[in-house]
Amino acid sequence: MLEEFRGLSGRMQEKELNGIALIDNSNSGMDILSAEKALEYALLKKKDEKKRSVILVLGEEASQVCEGLPPASVQKFVEKSGTKCGQIILVGERMQEVTAKNASYAGSIQEGLSKAVELAGTEDIILSSVKCFR
């Protein structure tokens with residue numbers, strides 16, 4: 001019974017997106033600490049399930065959600081943990097300030113997830129950590 005539990009709405013959930021494992025950590029309360037914890041979880045899952053890589057969709061869809069996601073915090077996070085991801089797709093206008101070798105940009109969470117699906121195969125995990133209204 002517990003194996004069937006997929007999480008509470010608005011909190012981290014495991015789903016599938018076009019046959020690819022998706023860890024959905026996107027919600028209005030998401031912050032950089034939440035993104036760090038979600039990445040730790042995704043990396044454990046990758047190891048346990050012998051997946052190839054984690055594709056991270058990270059950023060903000062609306063900077064006015066609570067206090068937004070500071071680009072400086074995102075920069076520190078990608079400098080510290082970005083190399084653990086195969087690709088990083090940064091979402092939102094303010095995230096264009098953030099730089100990483102394995103990063104690309106998207107204007108919305110939907111665009112970011114679409115890019116992730118294009119990059120991913122069934123042996124990958126997509127981790128979505130976008131501060132957004134849900």
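Note that the structure is predicted; figures quoted are calculated from it, not measured. The residues of the chain are indexed from 1 along the displayed sequence.
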Knowing that exactly one of [options] qualifies, which makes a side-chain contact (heavy atoms from CB on, under 4.5 Å) with [X]?
X	options	value
Lys115	Val91, Ile89, Ile126	Ile89
Leu58	Val98, Val130, Val78	Val78
Leu127	Leu22, Asp24, Leu56, Leu43	Leu56

Considering all heavy atoms of both residues, which atom of [X] and which atom of [Y] are nearest to each other, and what is their separation?
X	Y	value
Gln96	Tyr105	CA-CE2, 3.6 Å
Gly112	Val57	O-CG2, 3.8 Å
Asp124	Leu119	OD2-O, 4.4 Å
Ile109	Glu61	N-OE2, 2.8 Å
Met30	Gly59	CE-O, 4.0 Å
Ser128	Ser26	OG-OG, 2.6 Å

Practice prompt. With side chain to side chain contact (heavy atoms under 4.5 Å, CB included) as the test, would you mind laying out the steps for Leu39 and Cys85 before giving the verdict?
Written response: CA-CA 9 Å; Leu39 179 58; Cys85 303; 3.8 Å; yes
Discussion item. Would you compute the distance between atom CE of Met95 and atom CD of Glu97 and round it to the nearest 0.5 angstrom?
Written reply: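 Met95 CE to Glu97 CD: 7.5 Å, rounded to 0.5 Å.
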Does any non-hydrogen side-chain atom of [Y] lie less than 4.5 Å from one of [X]?
X	Y	value
Ile55	Ile125	no
Ser34	Asn25	yes
Leu90	Ser104	no
Cys132	Asn27	no

Fill in: Side chain Gln75, main chain Pro71, donor-acceptor under 3.5 Å
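Checked: no pair found.
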Item to complete: State which residues pass salt bridge (Lys or Arg N to Asp or Glu O under 4.0 Å) with Glu36; sequence neighbours excluded, sorted by chain then number.
Response: Lys80
Discussion item. If the condition is salt bridge (Lys or Arg N to Asp or Glu O under 4.0 Å), which residues does Glu49 pass it with, not counting sequence neighbours?
Written reply: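 Applying salt bridge (Lys or Arg N to Asp or Glu O under 4.0 Å) to Glu49 gives Lys45.
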Discussion item. Which residues pass the side chain to side chain contact (heavy atoms under 4.5 Å, CB included) test with Thr122, not counting sequence neighbours?
Written reply: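 Thr122 satisfies side chain to side chain contact (heavy atoms under 4.5 Å, CB included) with no residue once adjacent residues are dropped.
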Discussion item. If we count only N and O atoms by modelled type, under 3.5 Å, do the side chains of Asn102 and Thr83 hold a donor and an acceptor together?
Written reply: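 No, no side-chain donor-acceptor contact under 3.5 Å.
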Worksheet entry | Salt bridge present between Glu60 and Arg94 (N-O < 4.0 angstrom) | yes
Worksheet entry | Test: Glu123 and Arg52 ion pair at under 4.0 Å |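 Result for this pair is yes, salt bridge flagged.
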Discussion item. Within a 6.0 Å radius of atom CD on Gln110, are there more than 12 heavy atoms belonging to other residues, nucleotides or ligands?
Written reply: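 Check fails, neighbour count at 12 or below.
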